[in-house]
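Notes to accompany the following structure.
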Amino acid sequence: MKIVGKKLEIEIKGWVYKKRSSGKIRFLIIRDGTGILQGTIYSPKKDNPLFKKFDELTQESSLIIRGLVREEKRAPGGYELNINDINIIQIAEEYPITPKEHGIPFLMEHRHLWLRSQKQNAILQIRTELIKAIRDFFDGRGFRNMDTPILTPSACEGTTTLFETEYFGQKAYLSQSGQLYNEAAIAAFGKVYCFGPTFRAEKSKTRKHLIEFWMVEPEVAFALLDDIIKLGEDLIIYIIERILDKNKKELDILERDTKVLERIKKPFPHITYEKAIAKLNEKGSKIKWGDDLGSPEETLISEIFDSPVCLTHFPAKIKAFYMQPDEERPDLVLGVDILAPEGYGELIGGGQRISDLALLEKRLKEYNLPRKAFEWYLDLRKYGSVPHSGFGLGVERVLSWICKIKHIRETIPFPRLLHKIYP
RNA sequence: UCCUCGGUAGCUCAAUAGGUAGAGCGGGUGGCUGUUAACCACUAGGUUGGGGGUUCGAGUCCCUCCCGGGGAGCCA
């Protein structure tokens with residue numbers, strides 16, 4: 001809702017957000033999908049026909065109103081509409097979501113209506129800007145967009161649980177990553193990214209996990225670990241700057257302290273896995289070299305800094321089969337996890353990929369993966385293999401952190417959660 | 001999957017020790033000086049998640065199932 005000039009007659013098509021009345025004056029707050037505006041009807045006569053229409057209106061009734069806009073300090077937003085005409089489209093039935101407090105189970109059951117509330121609207125407004133920023137970032141740097149398949153014949157990484165489906169009598173799985181396909185595409189296009197939904201059938205039930213989420217995955221030929229870390233840092237900075245610029249109003253509705261975001265500068269602090277383990281032990285954690293960092297450990301590390309942190313050089317055995325080993329320390333791999341501040345978890349996971357055919361073949365065996373399914377992937381190491389790197393960034397993780405939302409379920413219009421697929 | 005907490009009116013919650021199920025909001029009706037989660041009065045609204053058990057008597061105790069919140073592992 002945009003208002004220009006001091007006095008002008010406008011028409012608003014929307015829904016009743018709230019209403020109040022008091023003797024000779026009625027207040028009607030309406031929303032049109034872009035914002036809210038307060039309208040008033042004043043009349044000394046009780047039988048004013050507009051009063052009658054106003055009285056019929058219920059919360060979320062749809063309507064078209066016309067009136068004169070003017071500045072009004074007492075109104076929310078600083079502007080107010082003198083209503084001249086109300087055209088009722090539909091009188092809404094008793095609306096379940098009242099202006100009072102509601103519990104999470106109730107709101108989740110009514111997610112289709114919850115989307116209309118101001119806070120949810122603000123989060124999803126930022127989401128669309130975030131997605132646009134991601135595309136602009138990669139498009140502006142000469143990346144080609146590859147739409148990798150959602151139906152896949154086998155596991156990309158082989159470790160996590162996949163959703164199984166049927167594909168003309170053959171088993172198929174919903175994609176958990178487009179990375180392997182991107183690795184094929186870079187030999188054709190140099191720099192690519194895929195951006196789409198990702199499915200993980202893990203039985204995870206935390207504020208950081210969705211069963212279905214959106215991920216952007218860039219992959220770059222000839223890029224080494226350091227190159228891809230820089231790309232990740234640039235991307236995160238770009239996203240933050242864009243949202244601070246375009247979504248002031250929404251961040252304000254969410255009461256997000258933007259100073260924390262404004263302070264973030266690149267390069268982010270870097271810390272190796274080994275140093276992280278030492279730091280954690282100092283802080284009293286019982287984690288041992290070779291253990292993967294759990295959620296409490298990730299939070300501890302992220303709390304040391306007030307910026308995202310790049311964690312690098314992990315033990316090979318806790319990472320995926322395709323990770324490139326460090327030349328000097330073959331027990332470590334050239335991987336990177338970028339952890340969000342404030343305990344929001346992993347924003348980015350990626351690294352340098354194995355480019356040597358023999359080593360990749362060895363790793364497939366060690367990880368017990370069926371060679372047949374990976375023949376095409378091995379081919380990439382036969383015909384002009386190059387060092388290359390890439391990462392995946394989870395849209396909802398970044399959004400939860402930027403908005404400082406308690407739970408990731410509010411960062412996607414219709415979240416898919418463990419055992420929950422309604423609505 | 002495991003640990004933990006919970007399920008009472010449309011919603012958010014209360015109900016001493018096992019003893020007649022209640023409030024606020026929302027709905028309806030009426031009132032009201034420009035209200036900001038407006039306010040005031042009146043009013044309707046219940047198989048206390050399902051099943052079983054103990055008891056003279058169960059929202060309350062026991063068993064069991066279902067559903068949900070929070071956390072863990074795994075990950076982005």
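In the text below, chain A, chain B and the rest are named by the order of the sequence lines, each starting its count at 1. Hydrogens, waters and symmetry mates are skipped; everything else that's a heavy atom, side chains included, is used. Small disclaimer: the values here were computed from a predicted structure and weren't measured.
Base contact: A:E298 has a heavy atom under 4.0 Å from a base atom. Among the atoms of the strands shown, none is found under 4.0 Å from any heavy atom of A:P96. Residue A:I97 is out of contact with every strand shown, counting any heavy-atom pair closer than 4.0 Å. Looking at heavy-atom distances under 4.0 Å, A:F106 makes contact with sugar-phosphate atoms alone, never a base. Across all strands, A:E396 comes closer than 4.0 Å to no nucleic acid atom at all (heavy-atom distances). Contact annotation for A:H110: no contact, since no heavy-atom pair falls under 4.0 Å across all strands. Within the 4.0 angstrom heavy-atom criterion, only backbone atoms of the sugar-phosphate kind lie near A:G294; the bases stay farther away. Contacts of A:K18 with the nucleic acid, taken as non-hydrogen atoms under 4.0 Å apart, involve only primed sugar atoms and P, OP1 or OP2.
Residue A:S204 places none of its side-chain N or O atoms closer than 4.0 Å to OP1 or OP2 of B:C75. The side chain of A:R409 places an N or O atom within less than 4.0 Å of a non-bridging phosphate oxygen (OP1 or OP2) of B:G70.
For A:W376 and A:Y181, the ring centers are positioned less than 6.0 Å apart.
Of the nucleotides present, none pairs with B:C74 by Watson-Crick or G-U wobble criteria with both distances under 3.5 Å.
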